[in-house]
**Q** 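Mind looking over this structure? Questions follow.
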Amino acid sequence: PIEVAEFLIEGTAKAVNQAKGRNWLPIIVKQTGEDQYQVIGNAFTYAVAEQAGLEKVWCIIADDSPITRNI
């Protein structure tokens with residue numbers, strides 16, 4: 001969950017849809033199971049993608065090292 005005004009998510013989702021569904025800022029995820037991921041960075045981008053109805057988004061899969069967890 002993120003704390004941001006809903007109109008920002010809706011407005012940005014509209015812009016993403018106008019850009020043919022391209023999310024230029026990747027979502028940082030960690031793998032929690034087979035084909036299961038948890039958002040650990042750029043939650044705003046995830047919320048926008050969800051609002052825009054995107055089925056695919058650009059992601060970076062982070063490893064589970066202590067250094068990554070602290071970033």
Side-chain angles (χ1 to χ4, degrees):
I2 60 169
E3 294 184 28
V4 65
E6 188 65 29
F7 78 90
L8 291 174
I9 293 173
E10 291 173 2
T12 307
K14 183 178 177 182
V16 167
N17 283 329
Q18 289 172 345
K20 299 181 182 175
R22 295 186 182 122
N23 71 302
W24 296 104
L25 184 63
I27 299 167
I28 312 300
V29 298
K30 71 175 183 176
Q31 191 165 11
T32 58
E34 188 174 327
D35 294 329
Q36 295 181 355
Y37 300 89
Q38 176 184 5
V39 175
I40 61 172
N42 298 336
F44 178 78
T45 303
Y46 178 79
V48 168
E50 191 172 48
Q51 178 71 30
L54 301 183
E55 293 184 22
K56 295 180 182 181
V57 294
W58 181 32
C59 293
I60 296 174
I61 302 172
D63 63 14
D64 199 25
S65 70
I67 293 173
T68 303
R69 282 188 294 250
N70 291 331
I71 293 178

**Q** Hydrophobic clustering (ILVMFWY, side-chain heavy atoms < 4.5 Å, transitive) - are I60 and L25 grouped together?
**A**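 No; tracing contacts between hydrophobic side chains, which count when under 4.5 Å, never links both residues.
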
**Q** I'd like a table of donor-acceptor pairs (distance under 3.5 Å, sequence neighbours excluded) in which one partner is a side-chain atom from residues 31-54, with atom names and distances.
**A**
{"from": "Q31", "atom 1": "NE2", "to": "G33", "atom 2": "O", "distance (Å)": "3.1"}
{"from": "T32", "atom 1": "OG1", "to": "Q36", "atom 2": "O", "distance (Å)": "3.4"}
{"from": "N42", "atom 1": "ND2", "to": "P26", "atom 2": "O", "distance (Å)": "2.5"}

**Q** Do you know the tightest heavy-atom contact between W58 and W24?
**A**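 Taking every non-hydrogen atom into account, CZ3-O, 3.0 Å.
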
**Q** Could you work out, with side-chain contact (heavy atoms from CB on, under 4.5 Å) as the rule, every residue matching A5, not counting sequence neighbours?
**A**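 Applying side-chain contact (heavy atoms from CB on, under 4.5 Å) to A5 gives F7, L8.
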
